[in-house]
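Heads up, the thing below is written out as structure tokens.
All values derive from a computational prediction rather than experimental measurement. As the structure lists them, so they are numbered: ligands from 1, and atoms in each ligand from 1.
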Amino acid sequence: MAVNFNNYRQVQQQLEPYHARLVAVSKTKPVEDIRELYTAGQRIFGENYVQEMVEKAGLLPEDVQWHFIGHLQSNKVKYIAPFVSMIHGVDSLKLLSEISKQALKHKRVIDCLLQVHIATEETKFGLDETELFQLLDQAGSLSGIRITGLMGMASNTDDETQIRKEFAGLKILRDTIWEKYFPGTAFFKELSTGMSGDYKLALEEGSTLVRIGSLLFGARNYA
Ligand SMILES: *Cc1c(COP(=O)(O)O)cnc(C)c1O
């Protein structure tokens, strides 16, 4: 399956007026596909399996920015800590502490996004609002990490009003946190929202990082 460059260019054009960035979600896709998109100028790639990301990182240029977008287990942080540039799905102090510890070990700073549960489905990961503020209070003393914003996944529905409401709610939450913890700074501005099916809504609702896979690389086959 080859890369869909028409879609790639289209997505790029749609991002431009919003100054948002594209995380090309390459999970399950071969290294050759990533290389094709890399050659076209794409640098941020998203993966959600640790082993797969480690293997791919070893085969691709150093200036690829690897974003881990899946649910990360604390005991696996050590494998990606040497090179990962951003971790999108952080939802516990335990995980954040481990990222901090491993980042310091490698003399690095790893950007993290806190994942908030915004969907109606029960199954998805993420913090509720109370847990989010608790975690922010507890995380203040950790070094080796920077919490640069929030990440969320909207409900899996065709109801655009619902999706928009969930994205908008996350933006309000980010702005509230910014005002409380980082007023007047350029910090804590990231909003990782939007996938192939809902990224246009996400952009309209303030996304700064869209995570797009199937639109660029084709549908995924899970054996
Ligand atoms: C797979 C995945 C995506 C990309 O999904 P598409 O619908 O293929 O664009 C985005 N975010 C997360 C967290 C994912 O796991």
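A salt bridge links Glu190 to Arg21: at least one charged side-chain nitrogen sits closer than 4.0 Å to a carboxylate oxygen.
Near Arg211, with a cut-off below 4.0 Å to any heavy atom, the atoms of ligand 1 are 4 (C), 9 (O), 10 (C), 11 (N), 12 (C), 13 (C). Within ligand 1, counting atoms from 1 as listed, the ones closer than 4.0 Å to a heavy atom of Gly213 are 4 (C), 6 (P), 8 (O), 9 (O). In the vicinity of Ile212, heavy-atom distances shorter than 4.0 Å reach the ligand 1 atoms 9 (O). Using a 4.0 Å cut-off to heavy atoms of Asn48, the atoms of ligand 1 that qualify are 15 (O). Near Ser196, the atoms of ligand 1 lying under 4.0 angstrom from a non-hydrogen atom of the residue are 6 (P), 7 (O), 8 (O), 9 (O). Close approach of ligand 1 to Ser214 (heavy-atom distance below 4.0 Å) involves ligand atoms 6 (P), 7 (O), 8 (O), 9 (O).
A distance-only check finds no donor-acceptor pair linking the side chain of Ser196 to the backbone of Ile212 [under 3.5 Å]. Side chain of Arg220 to main chain of Lys27: no donor-acceptor pair is present (N/O by atom type, distance under 3.5 Å, no hydrogens or angles). Panel note: side chain Lys56, backbone Ser26; a donor-acceptor pair is recorded below 3.5 Å.
Contact record, Asp91 with Phe125: OD2-CB, 3.7 Å, taken as the closest heavy-atom pair.
Residue contact check for ligand 1: Leu215 places no non-hydrogen atom closer than 4.0 Å to it. Under a 4.0 angstrom heavy-atom cut-off, Arg220 registers as being in contact with ligand 1.
Linking ILVMFWY residues whenever their side-chain heavy atoms come closer than 4.5 Å, directly or via other members, places Val11 and Phe5 in the same cluster.
Between Gly197 and ligand 1, no pair of N/O atoms sits closer than 3.5 Å.
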Only distances under 3.5 Å count here; give the side-chain donor-acceptor pairs of residues 126-135 to other protein atoms, sequence neighbours excluded, each with its distance to 0.1 Å.
from   : atom 1 : to     : atom 2 : distance (Å)
Asp128 : OD1    : Thr130 : N      : 3.1
Asp128 : OD1    : Glu131 : N      : 2.9
Glu131 : OE1    : Asp128 : N      : 2.8

